[in-house]
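Okay, structure first, notes after.
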Amino acid sequence: MRRAWQRIANISRSLYARIVFVYLAGLLLLAVAAAWVAVSQFEQLGREWQQRTQIDLADNLVQVMQGPLRAGANSPAARDAADRILSINPAVSLYVLDADGRVAGNYAEGGCSDDARVSVAALEDLLADEPMLPVVVDAPCSHRASVFSVAPVRFGPGDQRGYLLAVLDAGARMSMFAMLRTSSITRTLLIAGSLAVALAGVLGLLLFALLTRRFKRLTAAVERFAVGDYGQRIEPGRADEIGHLSRAFNDMAATIEAQLDALRENDRQRRELVANLSHDFRTPLTSLRGYAEQLRKAEHLPAETRDAHLAAILANADRLTRLARQLSTLARVDAFEKPLCVDAFSLAELIHDIVGKFRAQAQEAGLDLTVDCAPTLPPVAADLALIDRVLANLIDNAIAATPPGGAVTVSARVVDAQVEVRIVDSGVGLSADELALVTQRFYRTPASRQRGEGSGLGLSIVEEICARHGTRLRLRSVPGEGTHAAFDLPVA
Ligand SMILES: Nc1ncnc2c1ncn2[C@@H]1O[C@H](COP(=O)(O)OP(=O)(O)OP(=O)(O)O)[C@@H](O)[C@H]1O
Ligand SMILES: [Mg+2]
C-alpha cells in the first residue's frame, strides 16, 4: 500500500504528470468555452430563423387592423380585431406604437399598463432594405430582448403615424438544459463534442507518454553513465529536440570515453616507462658496481684486465649519461604546455658543429662521415636545442648501424621553400617490420638488443620533436643496404 502511494507521489511529481495536468485543464476549458459559444449561437440562429420566416407578419396584420385603428388604437373595433388575431396566433404579442415608440395600444394578454418606450431605431433597422438579422427590441411589459415583426400604420381620428409591432418570441425562452433535453441537434452536437474531447484527451495522454518515455530513457542512460558505465549510448530517433539532446549526449559520452582511454593509455605508458627505466638504469649500474668491486678486491690485477675493467666502467657510465640526457630531452618534449624556443639560426653551422663532435667516433668505427650542405643555405626557424638532439640522435644511430668501411652523409638543401635535412647511411638497414616499430618508445631491434646497446628512446624523441615543429620524420630503409632519414624545417 505504502509503495503504491509512493509510486503515485512519484508520478504526480513527474514532468509527465505536469504536462498532462496542464493539457487536460486546457482541453476542459476549451470544451466548456466551445459548448457555451455553440449553444448561444444556436439560440441566436433560432431567433434569426423565427424573425426571417415571420418578417412579413406585421405587414399582413396591418391589412386587417388598419380599418379598425382609424377609430383609435384602443377603440372596441381595434381591440376586437386584435383579439381575433391573437386567438389564431396566441404566441404573438401585439402593440400599436406612436412615432416615438411609446405604447399607444396594448393588445397583449393581461394588457399590462406600461409607459415603456420601444427603440424606434431598432424598428427602423428592421424596416430598412436589407436588415442584419436578428434585430431585437426590449418588449413592452416583459422587458425581454425579443425578435419582432413591424409595419408602419396610421391610427386615431387624426390619422397619427405609428407602428404595428408583433413581438414574436413571447413564449418563455429555453434554458440550456431544456434545450439539451429537447433538442436532438444540441444533444448530437454535445455527444460528438464530448467524444472528440475524450479522444483528444486519450491521444494527448498517449503522445505525452511517448514523448516523456524518450526523456526517461535519456535520463536512465545519463544515470548509468554517471555511475561509471561509459559505454552508454542512446538511439537518437527523430531529429527533434530530444533527438538533438541524445546526439549531444552521445558525442559527450564518446569524448569522455576517448579521453578516459587516452588517460588509461597514458597511465599504462607511464608505468611502462618507469619499469623500463629502472631496468635500463639497473643493468649498467650493476655491471659498473661489479667491475669497481673487482678492482677494489683484487690486489694484483694484470694491467690488461685492469684497463679492460676501467674501460667497462667508463662505457657503463657513458651509457648512463646518455640515458639521462635522452630522459631530460624526453621530459622537455613531453611537457607540451611548455612552448618551443623558436629562433632563426644557421643550420649549416649546427650540422658542422655536431658532425665535428661525432668525427672521432666515426673514425674509430672506420666510417666515412661527410657533410653535404651549401654555404648559401638560408637560416631556419626552429628550437635550436631540440634540433641539436634530433641531429645527434640520427647521426648516432647511423654510425652505430654502419659497419667499418661504410659511409654516413648528412646533407641539407632547400626544397619548396623549406630546408630538407637528410641523414643517409650504408649500414645494416631495417626490415619493414622493424621500420614500423623503431619510433616507439623503448623499441630496439633484436640485433641492437643482443649487442646490449641503446635505450630505444632516440627515434621516439626525434619523431616527437619533428611533430612539434610541424614536420614529419621520414624513414626509408633497405636491409643490408642502408637507411635514409629525412625531415624539413621552415626557412626563417
Ligand atoms: N639508421 C639505422 N639503421 C639501422 N637501425 C637503426 C637505425 N636507426 C635506429 N636503428 C635501430 O632502431 C632502434 C631504435 O633506435 P633509437 O634511436 O630509438 O634507440 P637506440 O638507438 O636503441 O637508443 P638511444 O638512441 O636512446 O640511445 C634501435 O634498436 C636502433 O638500433
Ligand atoms: Mg638511437
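When a ligand or atom number is given, it counts from 1 through the structure's own listing order.
- Salt bridge status for R322 with D396: present, with a side-chain N to carboxylate O gap under 4.0 Å.
- For atom 7 (C) of ligand 1, the closest non-hydrogen atom on the protein side is N397 CB, 4.0 Å.
- Of the protein's non-hydrogen atoms, the one nearest atom 18 (O) of ligand 1 is L459 N, 2.7 Å.
- For atom 14 (C) of ligand 1, the closest heavy atom belonging to the protein is Y443 O, 3.3 Å.
- Distance from atom 1 (N) of ligand 1 to its nearest protein heavy atom, with residue and atom name: D425 OD2, 3.0 Å.
- Taking the charged nitrogens against the carboxylate oxygens, R441 and E464 do have a contact shorter than 4.0 Å, which makes a salt bridge.
- For the pair S460 and ligand 1, the shortest N or O to N or O distance does not fall below 3.5 Å.
- Listed by number with element, the atoms of ligand 1 under 4.0 angstrom from any heavy atom of L457 are 18 (O), 19 (O), 23 (O), 26 (O).
- Ranking protein heavy atoms by distance to atom 11 (C) of ligand 1, first place goes to T445 CG2, 3.8 Å.
- The number of heavy-atom neighbours closer than 6.0 Å to CZ of R233, taken from other residues, nucleotides and ligands shown, is above 12.
- Scanning R449, Q326, R441, Q440 for the heavy atom closest to atom 24 (P) of ligand 1 points to Q326.
- D267 and R271 are joined by a salt bridge, as a carboxylate oxygen and a charged side-chain nitrogen come within less than 4.0 angstrom of each other.
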ring-ring contact (aromatic ring centres under 6.0 Å, His included) between F215 and Y16, intermediate numbers included: CA-CA 10 Å; F215 249 127; Y16 174 69; over 10 Å; no

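- At a threshold of 2.8 Å, the Mg ion (ligand 2) has a backbone or side-chain N, O or S atom of N397 nearer than that distance.
- Under the 4.0 Å criterion applied to side-chain N and carboxylate O atoms, E420 and R422 are assigned as salt-bridge partners.
- Between the side chain of T305 and the main chain of L301, no donor-acceptor pair closer than 3.5 Å is present.
- Of the heavy atoms in S455, both backbone and side-chain atoms come closer than 4.0 Å to ligand 1.
- Residue G454 has no N or O atom closer than 3.5 Å to an N or O atom of ligand 1.
- From the protein, the heavy atom lying nearest to atom 27 (O) of ligand 1 is R322 NH2, 2.9 Å.
- Distance from atom 4 (C) of ligand 1 to its nearest protein heavy atom, with residue and atom name: A401 CB, 3.4 Å.
- For ligand 1, the polar-atom distance check against G458 finds a nitrogen or oxygen pair separated by under 3.5 Å.
- Applying the 4.0 Å criterion to heavy atoms of S448 picks out, from ligand 1, the atoms 28 (C), 29 (O), 31 (O).
- Atom CZ of R289 is surrounded by 12 or fewer heavy atoms from other residues, nucleotides or ligands within 6.0 Å.
- Summary of contacts: the protein heavy atom closest to atom 5 (N) of ligand 1 is L430 CD2, 3.4 Å.
- If you run side chain to side chain donor-acceptor pair (under 3.5 Å) between E48 and each of Q51, R52, Q44, Q50, only R52 comes through.
- Salt bridge R268/D261: absent, no basic N to carboxylate O contact under 4.0 Å.
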